[in-house]
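Worksheet: one structure, shown below.
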Protein chains: 4
Amino acid sequence: MVRRRLTQEERKKETRKLLLEAAVEIFAQMGFYGATVDKIAEHAGFSKGAFYAHFHSKEELFLTILEQQMEAHVDNIRNVIKQHQSLSHFIETIDKYFLSVAQKNRTLSMLNMEFLLYAMREESVRHKWSGMITESVKQISKAINELMLSENYESDLSTDEIAWTILSLENGMAIFYYINQDLMPLNLYGKSLRNMLLPHIKEEN
Amino acid sequence: MVRRRLTQEERKKETRKLLLEAAVEIFAQMGFYGATVDKIAEHAGFSKGAFYAHFHSKEELFLTILEQQMEAHVDNIRNVIKQHQSLSHFIETIDKYFLSVAQKNRTLSMLNMEFLLYAMREESVRHKWSGMITESVKQISKAINELMLSENYESDLSTDEIAWTILSLENGMAIFYYINQDLMPLNLYGKSLRNMLLPHIKEEN
Amino acid sequence: MVRRRLTQEERKKETRKLLLEAAVEIFAQMGFYGATVDKIAEHAGFSKGAFYAHFHSKEELFLTILEQQMEAHVDNIRNVIKQHQSLSHFIETIDKYFLSVAQKNRTLSMLNMEFLLYAMREESVRHKWSGMITESVKQISKAINELMLSENYESDLSTDEIAWTILSLENGMAIFYYINQDLMPLNLYGKSLRNMLLPHIKEEN
Amino acid sequence: MVRRRLTQEERKKETRKLLLEAAVEIFAQMGFYGATVDKIAEHAGFSKGAFYAHFHSKEELFLTILEQQMEAHVDNIRNVIKQHQSLSHFIETIDKYFLSVAQKNRTLSMLNMEFLLYAMREESVRHKWSGMITESVKQISKAINELMLSENYESDLSTDEIAWTILSLENGMAIFYYINQDLMPLNLYGKSLRNMLLPHIKEEN
DNA sequence: GATGAATGAGTTTTCATTCAT
DNA sequence: AATGAATGAAAACTCATTCAT
């Protein structure tokens, strides 16, 4: 009896997971309005009914994914930061991360855009989103600060400003990249960051 | 007789203009799907029928606005470029332009995002959009090149790369700005650009 | 002054005539619902406004044409009848008439079908239509009667019944003819009629 | 479990059947354009949504019914033919069939007219329709041929021509019958056919 | 009389959501 | 938990008709 219950609960979780994964793909491919509950459910191998057993509404699902992705994004940044040893190495790592995300996850990037638009319009979502950004900036800023101190390096930009610039450039370049992958050289992200942050170091080279 | 006809034609033009203006606002506020033909027409002070006398479909209207905005954007860049006298002055001008657009035209910026998302999904639109970007890059690149020559200034980045960076940063910062206007300092755009492009000149100061 | 007024009235009549002619074609080609006031007016070289200066509504126009065509049809039958000299000759004439109408006036035949359907549904129109049919039957019947008397010819069918059969066969064959012109031999109309009415005469051949 | 699923499927079938039946009536009464999806669904006791769960479009429904009726028509003719023993008996059977259809199924007859008009305008439908007619003619022709051989009877008309005449007369008389049931004697169909086909046999009587 | 811009009721169609099984 | 039939609100779009010029 106990096992059966466990199995059932596990199955419930599994269904939910499958629905979420399907939703990520469908939302990314078709946008919030283009994605119908039917398509999402079918893509996950279930019926509409199953969907509504797991989520109250299409919007709730969307917000659930939004939150998931937000957390994943902050996590990723945290991981990138952990690996740094010097400012130059930090930029290299962040550049590689950008490259890998941009090339592999067109889907996620489009979903990200979808979220941005949603966030720009929905007060409550905008709030959460802005919280996540603040958090990201704080973490990046702190890491940069430590590196600057250890490298005895100065800049006209505050560490917060540098963090903002890093994230802005990432988003901005991702947009162009997805509009036409051939136009903009992918390695420009790291190159620009290096140019902006490491002029003195370069001179010493 | 001539005056009568002219008046009618003028009225037609006026109606079209009003519909377009209304559409810009409604699309920006509510997005492509949130904006209904009904809302647009009503906002302009007309009926749905009037709308369809001027546009074949909601999508046609959207694309009409898209094209308008694209042209306006390239024009604006052209104007910004015309005013430059030195690289430093050029950055200042582009920064001021960004500031004014960001502060005055929340509407247009959100519309811009809407277009981006649309472009990412629609092959044909993506094509046009990418053409516009290429054109913008070319113009900016050329202007920077001239300034660099006259100022005998060098950079690790090609003028094309600089142009891409300028536009990417603009888009990326605009996004953050609209998600939370209080978080990111607006003047950061110019500041970052200056840091990236003018390290040597600064040193001479 | 007098001349101008006359001209204006003539022009009015001319416009009305052009609108009616255009309507006949458009109704026949597209049916009552497929034909829009816009299309009709444009086909006549006028605007919708002109249309409504001449007809109260689309339906009124339709009924006007209906009446016109009904009268024309009775007229045609009258003419056919006038030309007869013998029963055999009468059938020949009616056959030729059918042939010419079927081949030349696909348009009118389809309009005729449109009217039939309309008549089947609209009490008042059905009434008029049925009056026209009765009139046609009467005229044909009378003509046949005279011919029979003069030829000392008898039939199991009354002259009224013969008239009904003639008209029914005409409609029925026209339908098949327009569905597929290649299937049914056009001369079958006369042939069948001859077979029905002239067995004795044929025997004498 | 099995029963549950069966019940649901059965209900689906039942709903579809009810929608089709309602559609036949509404189309017949109001024509293709007069019949709205709303009216059809309501007449069947369902919502518009239910309608679209069963049919892609109003036109698809219409064509579904068209095909159904075409098949039924050919079937009926087949049955009529099966029952014949002699040419005279054959005509009697076909006459009775006509009478029963005309009196009982005003609805179906009007639907038939609706189909005819539709067929006259739509290439693809016209094609199917003409195929059905050819088939009907073939079957009738064959039956007549056998009867003629067995009765050693000859006619100026080929058996194909006789078949065409039979069907044409049926349609033609049905039209007049529905425009005014009182005008044309219903038994005229059989009478005319007898007169056309059986002159010699009659004489021998 | 003629124009054609504007209206708005009416139509088809979609889809998030509910609910009986 | 899952199914999928049914709902109904909402949207895009059409077109007969009106009316100011």
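If you're wondering where the values come from, they're calculated on a predicted model, not measured in any experiment. Residue numbers begin at 1 in each chain, while the letters A, B, ... track the order of the sequences.
Residue B:A50 is in base contact, counting any heavy-atom pair closer than 4.0 Å across all strands shown. Within the nucleic acid shown, C:K12 comes within 4.0 Å of sugar-phosphate atoms alone, with no base atom in reach, counting heavy atoms only. Using a 4.0 Å heavy-atom criterion, one finds that A:A35 contacts the sugar-phosphate atoms exclusively. As judged by a 4.0 angstrom heavy-atom cut-off over every strand, B:F51 is placed among residues making no nucleic acid contact. Here D:T36 lies in heavy-atom contact (under 4.0 Å) with sugar-phosphate atoms only.
The NE2 atom of B:H54 sits 12 Å away from the C1' atom of E:dT7 (whole-angstrom rounding). If you take CZ of C:F46 and P of E:dA2, they are 6 Å apart, rounded to a whole angstrom. Counting to the nearest Å, the P atom of F:dA20 and the CD atom of B:E14 are 19 Å from each other. D:R11 places its CZ atom 7 Å from the P atom of F:dA6, with the value rounded to the nearest Å. Atom-to-atom, CG of D:D38 to C1' of E:dT13 comes out at 12 Å; the value is rounded to the nearest Å. Straight-line distance from the CZ atom of C:F32 to the P atom of F:dC15: 13 Å, rounded to whole Å. Rounded to a whole Å, the CE atom of A:M30 is 15 Å from the C1' atom of E:dT14. The nearest whole Å value for the distance from the NZ atom in D:K13 to the C1' atom in F:dA5 is 16 Å.
Between D:L111 atom CG and D:I26 atom CD1 the span is 11.5 Å, to the nearest 0.5 Å. The CE atom of C:M30 lies 11.0 Å from the CE atom of C:M110; values are rounded to the nearest 0.5 Å. Rounded to the nearest 0.5 angstrom, B:Y118 OH and B:F32 CZ are separated by 4.5 Å. Within the model, atoms OG1 of D:T107 and OH of D:Y178 stand 8.5 Å from one another, a figure rounded to the nearest 0.5 Å.
Stem analysis of DNA chain E (Watson-Crick or G-U pairs, both distances under 3.5 Å, runs of at least three) returns E:2-21 with F:2-21.
Each of A:A53 and D:T15 lies near DNA chain F, and the nucleotide nearest A:A53 is the one positioned closer to the 5' end. Of the two residues near DNA chain E, B:G45 and D:V37, the one whose nearest nucleotide lies more 5' is B:G45. Each of B:K48 and D:K48 lies near DNA chain E, and the nucleotide nearest B:K48 is the one positioned closer to the 5' end. Residue-to-nucleotide proximity on DNA chain F shows that, of C:Y33 and A:G49, the 5′-proximal contact is made by A:G49.
Not one N or O on the side chain of D:Q69 forms a donor-acceptor pair closer than 3.5 Å with the backbone of D:N112.
In B:E25, the CD atom is crowded: over 12 heavy atoms of neighbouring residues, nucleotides or ligands sit closer than 6.0 Å.
Using a cut-off of 4.0 Å between Lys/Arg side-chain N and Asp/Glu carboxylate O, B:K128 and B:E122 are scored as not salt-bridged.
For E:dT14, the OP1/OP2 oxygens have no side-chain nitrogen or oxygen of D:Y52 closer than 4.0 Å.
In this structure, B:V37 and B:Y52 have side chains that are in contact, with non-hydrogen atoms separated by less than 4.5 Å.
Only B:S57, B:K58, listed by number, bring a heavy atom of residues 55-66 of chain B to less than 4.0 angstrom from any atom of DNA chain F.
Remark: A:K58 is not positioned above the aromatic ring of A:F27, lacking an NZ or CZ atom under 6.0 angstrom from the ring centre and at most 45 degrees off the axis.
In this structure D:K17 satisfies the side chain to side chain donor-acceptor pair (under 3.5 Å) test with no other residue, sequence neighbours excluded.
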